[in-house]
Amino acid sequence: ELFNKISNSPYSLKVENTGNSIMASGDTTVLAVGEYRCTEGTCAGSGGMLSTDGLHGYIKCDNDDASCILDGEEERRIMYVHGTSQKKLSIR
């Protein structure tokens with residue numbers, strides 16, 4: 001879910017995959033409550049979970065109590081952000 005919505009950049013080191021339903025710039029992606037890990041879903045590659053380029057908007061958890069967890073499993077960078085087209089990318 002998360003990977004397919006925001007991972008749009010194939011330009012990072014060790015990125016082998018991009019998402020298939022990328023949110024439009026300026027849009028909002030709402031995460032379901034839970035933990036997000038590469039071992040339980042698709043990731044950008046061996047070096048990182050998510051990779052974005054020129055993406056801006058909002059990525060937020062369905063609940064505001066920190067119940068959406070991005071877990072790099074001590075092996076991966078959580079997110080590469082390669083610019084936001086001079087606009088805000090808010091993650092909460």
I6 and side chain to side chain contact (heavy atoms under 4.5 Å, CB included): which partner among L31, I59, I22?
->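 The option that passes is I59.
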Note, S51 side chain near M79 side chain (heavy atom, < 4.5 Å) =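 Result no, sub-4.5 Å side-chain heavy-atom pair not found.
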For [Y], is there any backbone N or O sitting under 3.5 Å from a side-chain donor or acceptor partner on [X]?
X	Y	value
S85	G54	yes
N8	L55	no
N20	N4	no

Over all atoms of both residues, closest heavy-atom pair of [X] and [Y]:
X	Y	result
F3	M49	CD1-O, 3.8 Å
C68	D62	SG-N, 4.0 Å
T18	S9	CG2-C, 3.9 Å
S25	H56	CB-CE1, 3.2 Å

Partners of R37 by salt bridge (Lys or Arg N to Asp or Glu O under 4.0 Å), sequence neighbours excluded?
->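 Once residues adjacent in sequence are excluded, the partners of R37 under the salt bridge (Lys or Arg N to Asp or Glu O under 4.0 Å) criterion are E35, E40, D71.
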Roughly how far, to the nearest 0.5 Å, is OH of Y36 from SG of C43?
->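 Separation between the atoms: 12.5 Å.
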Do you reckon Y58 sits in the same ILVMFWY cluster as L70, going by side-chain contacts under 4.5 Å, direct or chained?
->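 No.
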